[in-house]
Amino acid sequence: MNEKINIIALGPYIGAQVSNLDLTRPLSATQFEQLYHALMRHQVLLLCDQAITPQQQRALAARFGDLHIHPVYPHAEDIEEIIVLDTHQNNPPDNDNWHTDVTFINTPPAIAILASKLLPESGGDTLWASSIAAYETLSAPIKIMLEGLHAEHDFKKSFQEYKYRRTEEEYQRWQQAVEKNPPVQHPVIRTHPVSGRKALFVNEGFTTRIVELSEQESNAVLNLLYSHITKPEFQVRWRWHINDVAIWDNRVTQHYANADYYPARRVMHRATVLGDGPF
Ligand SMILES: O=C(O)CCC(=O)C(=O)O
Ligand SMILES: [Fe+2]
């Protein structure tokens with residue numbers, strides 16, 4: 001059997017399309033190693049024609065590490081580790097902002113795996129940006145200024161109270177999530193634990209402030225970094241077909257789910273692999 005996966009880069013900084021691999025079956029050690037290596041190199045991998053069930057998606061994700069169970073998002077039936085993002089008229093999209101997943105915990109996810117299950121007729125693309133490319137293209141004086149700084153990340157910034165008041169049960173779940181997830185701090189520049197490359201690690205979704213700076217300084221610096229990170233040069237944009245799968249390195253990327261299809265329906269399944277404390 002030919003176990004060599006095909007990799008076609010979608011751009012110089014970020015993104016690659018992978019083929020000759022069936023993610024619904026257990027991967028051999030050789031296949032997994034190639035996939036992992038490609039992920040480290042390209043940060044986001046896209047695969048087509050992968051009719052993956054929640055069980056299979058969980059098993060694939062578990063090859064990369066321990067899985068995260070989301071405090072508020074609903075999950076697949078009997079499979080807590082698979083988030084179901086089902087957006088429609090009465091559940092508007094809420095990932096149409098640049099963010100890195102779950103940076104509000106001390107060990108934010110290393111990797112995420114997203115599968116498309118039901119798509120609108122058009123629209124609903126996802127964009128990813130490389131925060132390695134963003135870091136590397138900053139000028140030397142700005143890099144020096146950011147070194148050693150820490151930022152606060154807060155669950156409540158994206159998961160706002162007013163969105164969880166539809167039922168009493170939902171509201172209680174949100175309140176428990178807030179209690180369990182007080183704001184945490186992470187370095188503004190992090191080093192990838194495997195590749196050793198440095199990346200910007202602030203995101204508009206969850207970062208509230210740079211703790212060593214005044215409020216005015218912090219706002220100015222964060223706005224500068226947010227607008228830099230989201231330059232098209234550092235991005236890849238994917239137009240989904242049904243049964244596509246995206247795998248991204250959540251330590252060194254941000255993403256944005258385009259909500260242009262609203263109020264049409266769109267259903268995605270996500271598995272989230274826990275990471276280490278950023279350094
Ligand atoms: O629905 C998407 O395209 C991405 C949603 C998202 O932000 C996520 O799964 O982490
Ligand atoms: Fe996300």
Side-chain angles (χ1 to χ4, degrees), residues 10 14-15 39 43-48 50 52 54 57-58 60-61 64 67-76 79-89 91-105 108-131 153-160 163 177 181 201-207 226 229-230 235-275:
L10 297 169
I14 182 168
L39 184 61
Q43 302 151 61
V44 185
L45 304 178
L46 286 312
L47 298 97
C48 301
Q50 308 286 333
I52 196 166
Q57 190 175 350
R58 176 174 61 186
L60 172 68
F64 291 91
L67 303 186
H68 176 249
I69 295 171
H70 201 276
V72 286
Y73 279 142
H75 55 76
I79 308 202
E80 278 191 316
E81 299 89 343
I82 301 294
I83 295 172
V84 178
L85 298 166
D86 183 348
T87 46
H88 49 79
Q89 176 94 63
N91 185 38
D94 63 354
N95 281 310
D96 49 333
N97 61 79
W98 282 102
H99 66 280
T100 301
D101 290 338
V102 196
T103 62
F104 55 82
I105 62 174
I111 287 158
I113 303 179
L114 186 69
S116 62
K117 296 292 156 185
L118 191 152
L119 292 171
E121 227 162 76
S122 67
D125 294 359
T126 305
L127 294 84
W128 287 267
S130 167
S131 22
H153 296 244
D154 191 346
F155 169 83
K156 289 195 298 302
K157 190 174 180 201
S158 271
F159 296 95
Q160 293 155 4
K163 295 181 190 165
N181 295 284
F201 198 62
V202 289
N203 73 90
E204 214 167 352
F206 296 113
T207 307
Y226 297 153
I229 279 174
T230 54
Q235 293 175 15
V236 62
R237 177 174 181 148
W238 187 249
R239 181 168 301 168
W240 295 93
H241 290 90
I242 211 72
N243 294 327
D244 286 350
V245 168
I247 306 176
W248 66 89
D249 189 330
N250 193 63
R251 295 166 286 208
V252 290
T253 59
Q254 310 203 353
H255 54 279
Y256 184 113
N258 192 327
D260 56 357
Y261 60 93
Y262 181 74
R265 191 169 175 210
R266 179 174 177 274
V267 182
M268 311 291 281
H269 285 177
R270 189 181 93 205
T272 317
V273 182
L274 282 166

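Side-chain atoms are counted along with the backbone in the values below, which use heavy atoms only and exclude waters and symmetry mates. One-based numbering, in listed order, for ligands and for the atoms of each.
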Checking the side chain of Lys157 only, and the main-chain atoms of Glu204 only, is there a donor and an acceptor separated by less than 3.5 Å? yes
Using a strict cut-off of 4.0 Å, indicate which atoms of ligand 1 neighbour a heavy atom of Thr126. 2 (C), 3 (O)
Could you verify whether a donor N or O on one side chain and an acceptor N or O on the other, from Asp101 and His99, lie under 3.5 Å apart? yes
Quick one: does ligand 1 sit under 4.0 Å from the side chain of Trp98, the backbone, both or neither, non-hydrogen atoms only? neither
Give me the residue, atom name and distance of the protein heavy atom closest to atom 8 (C) of ligand 1. Arg270 NH1, 3.3 Å
When you measure from atom 5 (C) of ligand 1 to every protein heavy atom, which one gives the shortest distance, and what is it? Asn95 ND2, 3.6 Å
Identify the residue among Val236, Asp249, Asn250 that makes a side-chain contact (heavy atoms from CB on, under 4.5 Å) with Trp128. Val236
List ligand 1 atoms under 4.0 Å from Met268, heavy atoms only on the residue side. 1 (O)
Ranking His99, His70, Gln254 by closest non-hydrogen atom to atom 7 (O) of ligand 1, top hit is His99
Would you check if the side chain of Gln235 reaches a backbone N or O of Thr230 as a donor-acceptor pair within less than 3.5 Å? yes
Enumerated ligand 1 atoms positioned under 4.0 Å from heavy atoms of Ala257: 1 (O), 2 (C), 3 (O), 4 (C)
If you measure every N/O of Arg266 against every N/O of ligand 1, is any gap under 3.5 Å? yes
Round to 10° and report the angle made at the Fe ion (ligand 2) by NE2 of His99 and OD1 of Asp101. 100°
Using a strict 4.0 Å cut-off to heavy atoms of Leu114, name the atoms of ligand 1 that fall inside it. 2 (C), 3 (O), 4 (C), 9 (O)
Can you list the ligand 1 atoms lying under 4.0 Å from a non-hydrogen atom of Leu85? 5 (C), 9 (O)
N/O/S atom name from His255 that is nearest to the position of the Fe ion (ligand 2): NE2
Any N or O on His255 sitting closer than 3.5 Å to an N or O of ligand 1? yes
Min side-chain heavy-atom separation His75-Ile83 under 4.5 Å: no
Is a donor on one side and an acceptor on the other found under 3.5 Å between the side chain of Asn91 and the backbone of Asp86? yes
Verify whether one side chain among Ser130 and Gln43 offers a donor that lies under 3.5 Å from an acceptor in the other. yes
Would you say Trp248 contacts ligand 1, with heavy atoms under 4.0 Å as the rule? yes
Given 3.5 Å as the limit, does a donor-acceptor pair link the side chain of Gln50 with the main chain of Ala246, or not? no
If we ignore hydrogens and angles and just use 3.5 Å, is the side chain of Ser116 paired with the main-chain N or O of Asp244 as donor and acceptor? yes
